[in-house]
Amino acid sequence: MVLVHGYAEHCGRYASLIQALSEAGYECHLMDLRGHGRSGGVRGFVSHFEDYFADLDLFLARVAEVAPEPAPRILFGHSLGGLLCLAYLLLHPRPAAFDGLALSSPFLASAREVPALRAWLASVTYHLAPRLLGPSPVAARDLSHDPAVVAAYEADPLVFKTLSPRWFLEVRRVQETVLERAGALRLPTLFQIGSADPIAAPA
C-alpha cells in the first residue's frame, strides 16, 4: 500500500495507521510531498499541481524496487492526498497501475465557502507573486475531536501553517477537472468520508 498524506502534514503523522495496516498484513510505503515534512520546497506552494505527479512517479519507481511481487498494489490518499490520488489516476498520461484505491476525506471541494475577495486576490497574485505566503485557514481543532490528536498536530515542528495563492488556485483547477472526469474511474475504490468534515466538503 502506498499512502499519500494531507496538506501541511507529513508521513510521520501516520504511525498509528501504519501499525494497524502492518498488523493486518499490509506493507506500507510513504513519502513527504514536495514542500512538506522533510522534503524540500516552499511550504504551502506548488508551481503546478502536476508537479506532485512527478513526485509520486519517482517514489513509485523506488517502491517497485523494494516491494514484493506480485503483491496487489493499493493507493491510499487522505485529504489533499486523496485529491492527488484521484488526479494521478484520472489526469496523468501514464499512471502507474494499481489494484485498488482507498480515499479518506478526499479534498474535492472546500467545506467552507471561500470569500470572493480572497479568491480575487489569489487570482491577482497567481502570476504576480506566486510564492507569496499567507496564513492557512486550516485550524488544528478542525482535524479531530480527540484533544490529543489536536495537541500533537499543533506541537509538530514539521507541520506548517502557510498557504500560497498559487497552491489554492492550482488545487481548485484540479478539483474541478477531477469531478468532471470522475466517471472514467474504473478502479475498485473505497471512500471514507466524515459527514461533518469542516475542511473537505462531504457532498
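Below, each value reflects all heavy atoms present in this structure, side chains not excepted, and no hydrogens, waters or symmetry copies.
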Hey, is the main chain of [Y] close enough, under 3.5 Å, to the side chain of [X] for a donor-acceptor pair?
X: Thr189; Y: Leu187; result: yes
X: Arg166; Y: Phe45; result: no
X: His36; Y: Ala8; result: yes
X: Ser39; Y: Gly35; result: no
X: Asp51; Y: His48; result: yes
X: Ser136; Y: Val138; result: yes

Mind listing the closest non-hydrogen atom pair of [X] and [Y] along with its distance?
X: Ala111; Y: Ala200; result: CB-C, 4.1 Å
X: Ala196; Y: Pro202; result: N-CG, 4.5 Å
X: Ala96; Y: Leu89; result: O-CD2, 4.2 Å
X: Ala201; Y: Ser110; result: CB-O, 3.7 Å

Can you confirm whether [X] sits close enough to [Y] that some side-chain heavy atom of one is under 4.5 Å from a side-chain heavy atom of the other?
X: Pro106; Y: Leu83; result: no
X: Val2; Y: Ile74; result: no
X: Arg62; Y: Met31; result: no
X: Val63; Y: Phe59; result: yes
X: Leu86; Y: Leu103; result: yes
X: Cys85; Y: Leu101; result: yes
X: Ser105; Y: Phe107; result: no
X: Leu17; Y: Leu21; result: yes

Exercise. List the steps and the verdict of side-chain contact (heavy atoms from CB on, under 4.5 Å) for Leu163 and Leu133.
Key: CA-CA 5 Å; Leu163 184 145; Leu133 296 176; over 6 Å; no

Quiz item: Please, which pairs that meet salt bridge (charged side-chain N to carboxylate O under 4.0 Å, His left out) have at least one residue in residues 145-157, sequence neighbours excluded?
Solution: none

Quiz prompt | Residue pairs fulfilling ring pair (Phe, Tyr, Trp, His ring centres under 6.0 Å) with at least one residue in residues 73-101, sequence neighbours excluded | solution = Phe53-Tyr88, Phe53-His92, Tyr88-His92

Going from [atom1] on [X] to [atom2] on [Y], what distance comes out if it is rounded to the nearest 0.5 angstrom?
X: His5; Y: Ser104; atom1: NE2; atom2: OG; value: 14.0 Å
X: Leu75; Y: Leu3; atom1: CG; atom2: CG; value: 8.5 Å
X: Glu170; Y: Gln175; atom1: CD; atom2: CD; value: 11.5 Å
X: Leu80; Y: Phe49; atom1: CG; atom2: CZ; value: 5.5 Å
X: Cys11; Y: His29; atom1: SG; atom2: NE2; value: 12.5 Å
X: Leu90; Y: Arg181; atom1: CG; atom2: CZ; value: 8.0 Å

Same apolar cluster: [X] and [Y], side chain cutoff 4.5 Å:
X: Tyr14; Y: Leu158; value: no
X: Leu179; Y: Val174; value: yes
X: Val171; Y: Leu84; value: yes
X: Val4; Y: Leu91; value: yes
X: Leu33; Y: Phe168; value: yes

Quiz item: Of all residues at least two apart in sequence or in a different chain, which pass the side-chain hydrogen bond (donor to acceptor under 3.5 Å, both in side chains) check with Arg73?
Solution: none

Self-check item: Arg38 vs Asp32, salt bridge (Lys or Arg N to Asp or Glu O under 4.0 Å): CA-CA, chis, key distance, verdict
Solution: CA-CA 6 Å; Arg38 299 184 185 279; Asp32 289 339; 5.5 Å; no

Quiz item: Quick one: side-chain contact (heavy atoms from CB on, under 4.5 Å) partners of Arg43, sequence neighbours excluded?
Solution: Phe160, Thr162

Quiz item: Quick one: side-chain contact (heavy atoms from CB on, under 4.5 Å) partners of Glu176, sequence neighbours excluded?
Solution: Arg172

Quiz item: Are side-chain N/O atoms of Tyr153 and Glu9 paired as donor and acceptor at under 3.5 Å?
Solution: no

Self-check item: From CA spacing to verdict: salt bridge (Lys or Arg N to Asp or Glu O under 4.0 Å), Arg112, Asp142
Solution: CA-CA 12 Å; Arg112 297 190 182 99; Asp142 292 338; 2.7 Å; yes

Quiz item: Who else is in the cluster with Val149 when I, L, V, M, F, W and Y are joined by side-chain contacts under 4.5 Å?
Solution: none

Self-check item: Between Trp167 and Tyr7, ring centroids under 6.0 Å
Solution: yes

